Amino acid sequence: MTSPLIELTGITKTLKGQGEPRPILSGVDLTVHGGESVAILGRSGSGKSTLLSLIGLFDRPDGGRYMLGGRDITRLPERKAAALRSAQFGFVFQRFFLLKHLTAAQNVAMALVNGQGWLPRRKRRAKVMAALDQVGIAHLAKQRPPRMSGGEQQRVAIARALVREPGILLADEPTGALDTETGKLVIGALHAATERGCGLILVTHDRDHAARMGRVLQLDGGVLNPVTEPVIERVGA
Amino acid sequence: MMRLSGRLRSSLIIGGQGIRARKLRTLLSMVSLFLGVLAVVVVQAGASIAEHALLSEAELTQGKDGTRQLFLPTEGGALPVTLDTLRGRSDAVAAIQSMAIIGEPRVRPVNPGAGRIDDPAGSGPEVVCDPRGCHQVGDAAEAPPGKAIALQLTALTGDIRTFRPFRPYAGQWLDFSSAPSLSPRIVLNREAAKGFARYHVPAQMRIDGATADATPRIIGVVDDGGYQPAAYVRADELLNWLPETALAGDRGASMLVLSSPDATAVERTLRARLVGAGMAPDAIHVETLDARGHARTELAIMRWIFLGMAGLVLLIGVAGILNVGLATVGERIEEFALRRAVGTPRSLLAGIVLSETLLTGLLTAAAAIGVSAVALRAVGAVLGDRVPLLQGIVFPWQAGVAGVVAGLVAGLLGGFIPALRAARIPIATVMRA
């Protein structure tokens with residue numbers, strides 16, 4: 001087993017809105033190694049997406065410690081957090097968030113043209129095509145999203161997440177808007193990335209998809225608990 | 001440096017994509033901004049053209065900037081001393097001005113007092129010349145009307161065009177290198193030429209103080225910027241017909257010495273000799289021409305008033321860009337949140353919005369400059385014959401610069417608040433969507 005890529009210890013988060021503050025995470029511990037895939041299950045509103053946004057440096061925890069690759073990044077300034085998001089993380093969301101006026105290749109290139117270093121056009125194009133090829137849609141490079149199916153669009157989004165060769169992929173309900181078969185294809189594409197050493201944290205409601213991950217955790221009451229074998233039916237087991 | 005360069009390139013690429021994706025909105029922003037930028041370009045172009053025209057006019061009528069002007073009285077032996085000091089020099093020229101009438105003798109000229117040919121009544125005091133000289137008359141009825149043209153005659157010791165760049169119109173200019181001719185060669189200005197074209201007058205020139213009438217030869221016509229009929233003659237050719245003393249004293253002649261800024265030695269010598277000849281030092285009045293400074297001062301206030309008005313129109317355009325910019329950022333919240341999610345820093349998000357508005361401003365400036373340049377050329381082609389100022393007129397580069405600056409400033413002002421909004425979009429928007 002490699003050294004931990006992500007190490008969360010006692011992470012707490014309270015949502016402060018217009019009403020009463022609502023504790024959503026109350027001491028989350030999580031360790032993820034490079035190349036490991038982890039599924040996080042939980043009811044709606046249990047804090048799965050909040051946890052993912054903390055891991056992805058979209059937000060800061062109220063308490064606890066966040067180590068990434070052995071480095072404490074709990075209180076990272078926004079500028080450095082942006083650089084780290086670009087270098088270490090790939091994001092896949094339930095909605096694909098593809099820009100309609102750009103081609104698939106340009107949508108993927110968005111992750112490269114983000115002010116974090118500069119790649120010449122030729123190298124950029126090679127990386128984009130490699131990422132699209134990795135998810136099996138290189139032939140759709142010049143297509144615009146409105147002319148693509150949901151599964152194809154989500155694979156473009158996965159290519160966008162993979163194009164910077166991140167250390168870890170964070171996927172938030174990536175199959176939520178897809179049919180079962182297409183969902184399987186998308187999960188397959190995500191899983192394939194882990195075989196190349198990329199970690200994967202998948203937030204999902206779908207137990208079938210969760211069953212394909214190396215580890216399954218349940219977020220309940222603000223803490224993560226391992227899911228015991230009888231609770232899920234492992235696909236293909 | 002590399003990072004800045006990468007961010008700049010990134011913002012330009014993404015900004016360009018944004019403009020291409022929202023062509024109609026960009027066009028609407030440009031339309032709202034166009035009049036403002038056009039107003040700035042037109043005001044600046046007008047000011048530059050006016051300044052150029054004023055300078056050209058000043059160069060013709062007074063002289064080039066930096067030229068030293070010595071105003072000298074003609075009495076007391078000043079004239080022979082001046083002529084002797086400046087003989088053969090090209091860095092200093094004396095211009096002795098007197099009145100002359102060309103045409104029938106002892107008649108009232110068509111333009112008494114060397115008034116304008118088309119408006120002889122609006123001229124100065126009437127002058128009648130006879131063998132005893134030219135005299136101001138209070139009663140025009142003393143002499144009968146006849147075919148004669150009164151003009152200002154300027155006798156030159158050298159080529160005055162070094163200091164006052166007269167525009168050649170027809171024929172040739174005076175040749176100062178050849179031997180003086182007994183028949184004085186004269187060059188007319190355009191107003192005088194108009195009179196000679198309109199009235200057929202005999203070639204008999206009476207000059208105040210001359211003992212006999214000369215027979216002049218008209219060899220050319222120049223544009224000297226003057227509104228009165230005038231003629232230029234070599235001083236030595238004129239002095240064949242009258243004694244130096246004839247141009248001195250109370251006969252109304254005046255003398256001006258024009259010298260280049262570096263001709264200090266000749267100016268010093270002339271001043272010393274004049275004082276030695278008995279002239280009071282304070283009778284020599286010296287002035288250095290600064291037409292550019294005067295023109296700028298005259299135009300500055302007008303320019304700022306008009307630029308202020310143009311600025312107000314520009315502000316309306318800025319409000320248009322701001323409005324469209326805010327609406328666009330509102331529509332693109334998810335895009336900006338996603339860009340932040342993939343590592344785009346806040347500063348680059350602001351840069352993307354600013355680059356879009358700046359590019360819009362630049363495109364608008366290009367359109368306004370293009371329209372102004374084409375319009376100016378068209379106006380020059382249509383009205384050039386009637387308005388000499390518009391002949392061969394060129395779009396001033398200062399107006400182009402002003403247009404670009406106005407476009408950039410409008411883009412910056414109009415894009416600033418939308419850029420701040422874009423940079424502040426919370427990244428978690430994508431998680432909640």
Side-chain angles (χ1 to χ4, degrees), chain A residues 15 48-60 77-103 106-121 124 144 157 160-161 163-164 166 170 172-173 177 203, chain B residues 1-27 328-356 419-420 422-433:
Chain A
L15 295 183
K48 302 187 297 296
S49 295
T50 302
L51 177 60
L52 211 59
S53 71
L54 293 178
I55 295 172
L57 300 173
F58 293 3
D59 202 354
R60 282 184 191 167
E78 169 54 27
R79 188 171 54 82
K80 289 184 179 174
L84 214 52
R85 278 197 299 274
S86 172
Q88 288 291 338
F89 296 101
F91 301 94
V92 182
F93 306 100
Q94 180 175 350
R95 284 177 58 200
F96 321 123
F97 291 118
L98 300 179
L99 302 185
K100 291 176 187 172
H101 62 274
L102 301 182
T103 63
Q106 286 171 325
N107 267 290
V108 174
M110 176 199 282
L112 296 173
V113 185
N114 64 353
Q116 307 288 358
W118 179 256
L119 278 178
R121 180 194 291 255
R124 211 163 60 217
R144 289 178 201 277
R160 183 179 62 200
V163 71
R164 269 197 179 263
L170 304 177
D172 187 16
E173 300 277 8
V203 165
Chain B
M1 189 62 196
M2 283 302 290
R3 170 171 293 192
L4 183 69
S5 171
R7 286 191 183 177
L8 186 65
R9 290 186 196 189
S10 299
S11 62
L12 286 174
I13 287 177
I14 300 167
Q17 287 173 345
I19 284 178
R20 278 201 300 275
R22 280 165 282 275
K23 293 188 185 79
L24 183 61
R25 288 205 166 184
T26 304
L27 185 66
T328 306
V329 169
E331 279 180 7
R332 297 167 70 184
I333 283 177
E334 287 181 1
E335 177 194 335
F336 288 128
L338 178 71
R339 287 193 186 278
R340 281 195 65 197
V342 298
T344 306
R346 289 175 190 271
S347 58
L348 181 55
L349 289 182
I352 290 167
V353 176
L354 272 180
S355 70
E356 286 184 18
L420 284 183
R424 286 176 183 165
I425 288 171
I427 194 168
T429 303
V430 283
M431 302 301 287
R432 288 196 292 267

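Just so it is clear: chains get the letters A, B, ... in the order the sequence lines come, proteins before strands, and each one is counted from 1. All figures in this text were calculated on a predicted structure; none of them were measured in a lab.
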To the nearest 0.5 angstrom, please state how far the [atom1] atom of [X] sits from the [atom2] atom of [Y].
X	Y	atom1	atom2	value
A:Met110	B:Glu335	CE	CD	5.5 Å
A:Leu98	B:Glu334	CG	CD	11.5 Å
B:Arg340	A:Leu57	CZ	CG	11.0 Å

- request: Name the region of A:Leu102, side chain, backbone, both or neither, that has any atom closer than 4.5 Å to a heavy atom of chain B.
  value: side chain
Contact origin within A:Glu173 toward chain B - heavy atom pairs under 4.5 Å: neither
Side-chain donor-acceptor distances from residues 342-349 of chain B under 3.5 Å, at least two apart:
{"from": "B:Thr344", "atom 1": "OG1", "to": "B:Arg339", "atom 2": "O", "distance (Å)": "2.8"}
{"from": "B:Arg346", "atom 1": "NH1", "to": "B:Ala423", "atom 2": "O", "distance (Å)": "2.8"}
{"from": "B:Ser347", "atom 1": "OG", "to": "B:Arg7", "atom 2": "NH1", "distance (Å)": "3.2"}

- prompt: Closest heavy-atom contact between B:Leu338 and A:Phe93?
  reply: CD1-CE1, 3.7 Å
Nearest heavy-atom neighbours spanning A:Phe91 and B:Ala341: CE1-O, 3.0 Å
field: Residue-level interface, residues 12-22 of chain B with chain A, non-hydrogen cut-off under 4.5 Å
entry: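 So the qualifying residues are B:Ile13, B:Ile14, B:Gln17, B:Ala21, B:Arg22.
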- line: Of A:Lys100, A:Arg164, A:Arg160, the largest count of non-hydrogen pairs under 4.5 angstrom with chain B goes to A:Arg160
